[in-house]
Amino acid sequence: MTYKAEYIWIDGTEPTAKLRSKTKILADGAELPIWGFDGSSTNQAEGHASDRVLKPVADFADPIRGGANRLVLCEVFNIDGTPHESNTRAALRETAERYAAQEALFGIEQEYTFFEGSRPLGFPENGFPAPQGGYYCGVGADEIFGRPVVEKHLDNCLAAGLGISGINAEVMPGQWEFQVGPLSPLEVADHLWVARWLLYRTAEDFGISATLDPKPAKGDWNGAGAHTNFSTKKMRESYDAIIEAAEALGRDDKPLEHIKNYGVGVEARLTGAHETAPWNEYSYGVSNRGASVRIPWQVEVDQKGYIEDRRPNANVDPYVVTRLIVDTCGSALEKAGLV
């Protein structure tokens with residue numbers, strides 16, 4: 001007997017990487033081997049030296065095919081055993097290990113937008129739908145579009161064993177969100193990438209597409225982000241650590257370093273309107289969705305908890321955003337003795 005292993009990886013497309021996958025047939029009980037692929041077709045190699053290597057790093061039940069079949073998330077390596085330059089997971093591994101004693105946890109809120117052809121799902125062929133207001137967490141066929149896909153995607157994520165923690169309709173028609181976490185840095189990023197693959201694959205069966213475009217509809221419509229919630233063990237115990245982490249993200253050149261790596265098109269989304277702070281101004285505040293970083297009101301009441309970085313785009317690489325936050329905050333907390 002055999003089973004199907006769907007090898008999933010992140011390609012080298014710029015400025016925003018894409019997901020790729022292919023199927024390997026394995027004997028029952030067989031270990032997941034490394035596997036090769038044509039990097040010249042994924043923007044990861046040139047034709048004269050095109051071989052690249054897929055190394056399995058996490059696997060999950062395959063809810064699409066069912067049975068004993070697996071979804072296999074891979075890192076991309078060169079044939080000499082070094083991580084490929086597109087392999088952002090490798091850098092996160094090193095940073096996560098360096099600050100492992102701080103026990104960082106993340107929860108990422110992945111917003112996305114369904115499209116039917118060239119229009120966001122729910123937008124009429126001519127003109128525009130009613131203004132924003134009733135769509136967020138709404139109910140009813142006049143305000144909610146794509147729920148069958150969303151529910152199936154949720155079921156698929158749960159069946160796969162992903163750490164998905166919720167879903168909701170978002171502010172624009174056809175726009176939704178799912179949340180992953182709280183999980184460790186590597187886990188949350190791995191689970192988010194596989195959840196994205198399942199989103200695309202699930203929508204495929206319904207004949208619609210999903211996009212992580214940070215500004216899918218121009219004009220007076222909300223963009224799509226990946227709000228990133230973060231804490232360390234000390235932050236879950238001390239409000240001083242909460243403030244230090246929020247301050248650290250705004251020091252020196254850190255705001256610009258983060259913004260440059262928070263997803264292509266961030267300037268179009270972070271305008272100061274639609275529940276965002278301007279991309280070139282750093283701020284933090286309690287219960288403030290117009291700040292770069294929000295401290296939830298309950299965190300101030302409890303004097304411990306987590307912070308929410310509201311700047312990352314929907315199309316951000318979760319390996320990159322978690323690495324940057326762990327590195328920036330972990331270093332500052334260490335220097336401040338808040339570990």
Side-chain angles (χ1 to χ4, degrees), residues 4-11 13 16-23 60-67 69-73 108-130 132 134-180 190-217 221-226 313-316 318:
K4 302 169 188 172
E6 189 72 13
Y7 276 52
I8 300 169
W9 74 98
I10 297 100
D11 76 1
T13 300
T16 301
K18 300 174 67 173
L19 282 161
R20 308 277 183 149
S21 71
K22 62 176 183 170
T23 307
F60 308 88
D62 185 343
I64 305 291
R65 289 171 168 150
N69 302 303
R70 308 296 292 176
L71 300 179
V72 184
L73 184 65
I108 300 180
E109 306 167 27
Q110 177 68 73
E111 294 178 342
Y112 60 92
T113 309
F114 287 132
F115 266 67
E116 189 170 34
S118 60
R119 304 188 316 279
L121 192 66
F123 276 50
E125 288 189 26
N126 298 304
F128 293 91
Q132 295 183 161
Y135 306 111
Y136 173 72
C137 295
V139 64
D142 57 335
E143 293 185 334
I144 293 301
F145 308 93
R147 194 184 295 276
V149 194
V150 172
E151 292 289 345
K152 185 61 177 176
H153 174 248
L154 175 60
D155 288 344
N156 283 340
C157 287
L158 292 172
L162 299 179
I164 193 164
S165 48
I167 58 171
N168 61 268
E170 267 301 332
V171 179
M172 192 182 84
Q175 192 178 72
W176 292 81
E177 172 183 301
F178 64 86
Q179 302 92 37
V180 174
D190 286 347
H191 286 219
L192 185 56
W193 273 117
V194 175
R196 285 175 173 179
W197 186 90
L198 280 170
L199 175 65
Y200 302 141
R201 178 61 186 82
T202 303
E204 192 180 301
D205 286 344
F206 288 82
I208 62 176
S209 59
T211 177
L212 305 186
D213 189 318
K215 194 67 176 177
W221 302 98
N222 271 38
N313 269 354
N315 60 358
V316 75

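Each residue takes its place number in the sequence, starting with 1. A quick note: this is a predicted structure, and the numbers were derived from the prediction, not measured. These numbers come from the heavy atoms of this one structure, side chains and all, not from hydrogens, waters or symmetry mates.
In Lys22, the NZ atom is crowded: over 12 heavy atoms of neighbouring residues, nucleotides or ligands sit closer than 6.0 Å.
Residues Gln110 and Ala314 come closest through the heavy atom pair NE2-O, 3.1 Å. When all heavy atoms of Glu111 and Gly225 are compared, the pair lying nearest together is OE1-N, 2.7 Å. Looking at every heavy atom in both residues, Pro216 comes nearest to Pro214 through CD-C, 3.6 Å. Here the closest heavy-atom approach between residue His153 and residue Ala195 is recorded as NE2-O, 2.9 Å.
Evaluation of the salt bridge (charged side-chain N to carboxylate O under 4.0 Å, His left out) rule for Asp11 yields Arg20 as partners, not counting sequence neighbours. Not counting sequence neighbours, the partners of Ala5 by the side-chain contact (heavy atoms from CB on, under 4.5 Å) test are Tyr3, Tyr7, Leu26, Leu32, Val72. Remark: Phe123 engages Trp221 in a ring pair (Phe, Tyr, Trp, His ring centres under 6.0 Å) (not counting sequence neighbours). Glu170 meets the side-chain hydrogen bond (donor to acceptor under 3.5 Å, both in side chains) test with Asn168; sequence neighbours excluded. Taking the salt bridge (charged side-chain N to carboxylate O under 4.0 Å, His left out) definition, one finds that Glu6 meets it with Arg65, sequence neighbours left out. In terms of the side-chain hydrogen bond (donor to acceptor under 3.5 Å, both in side chains) criterion, Asn126 has no residue partners (sequence neighbours excluded). Residues satisfying the side-chain contact (heavy atoms from CB on, under 4.5 Å) test with Ile167, not counting sequence neighbours, are Val150, Glu151, Leu154, Phe178. Shown here are the side-chain hydrogen bond (donor to acceptor under 3.5 Å, both in side chains) partners of Trp197, two or more places apart in sequence or in another chain: Ser21. Remark: Pro318 pairs with Ile108, Ala189, Leu192, Trp193, Arg196 by the side-chain contact (heavy atoms from CB on, under 4.5 Å) rule, at least two apart or across chains. Residues satisfying the salt bridge (charged side-chain N to carboxylate O under 4.0 Å, His left out) test with Arg70, not counting sequence neighbours, are Asp59.
Counting heavy atoms from C-beta on, the side chains of Asp213 and Thr113 never come closer than 4.5 Å. Residues Leu198 and Pro63 form a side-chain contact, since some pair of their non-hydrogen atoms from C-beta on lies under 4.5 Å apart. Tyr135 has its side chain out of reach of Val171: every pair of non-hydrogen atoms, C-beta onward, lies at least 4.5 Å apart. Side-chain contact between Asp205 and Arg201 is present, with heavy atoms from C-beta onward closer than 4.5 Å. Counting heavy atoms from C-beta on, the side chains of Val180 and Leu162 never come closer than 4.5 Å. At least one side-chain heavy atom of Pro129 sits under 4.5 Å from a side-chain heavy atom of Pro124.
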Identify each donor-acceptor pair in which a side-chain atom of residues 136-149 lies under 3.5 Å from a protein atom, sequence neighbours left out, and give them as a table.
residue	atom	partner	partner atom	Å
Arg147	NH2	Gly138	O	3.2

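Taking CZ of Phe114 as the reference point, atom CE of Met172 lies at 11.5 Å (rounded to 0.5 Å). The structure places OG1 of Thr202 at 4.0 Å from CG of Asn156, a figure rounded to the nearest 0.5 Å. Rounding to the nearest 0.5 Å gives a distance of 6.0 Å between CD of Gln179 and CD of Glu109. Of the inter-residue distances, the one linking Cys157 atom SG with Phe60 atom CZ reads 10.5 Å to the nearest 0.5 angstrom. Rounding to the nearest 0.5 Å places OG1 of Thr211 at 12.5 Å from OH of Tyr112.
Listed for the Asn313 side chain is no donor-acceptor partner under 3.5 Å among the backbone atoms of Asn315.
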One pair to check against side chain to side chain contact (heavy atoms under 4.5 Å, CB included): Leu212 and Tyr200. What are the steps and the verdict? CA-CA 10 Å; Leu212 305 186; Tyr200 302 141; 3.4 Å; yes
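Listed by first and then second residue, the side-chain hydrogen bond (donor to acceptor under 3.5 Å, both in side chains) pairs that reach into residues 115-125 come to none, sequence neighbours excluded.
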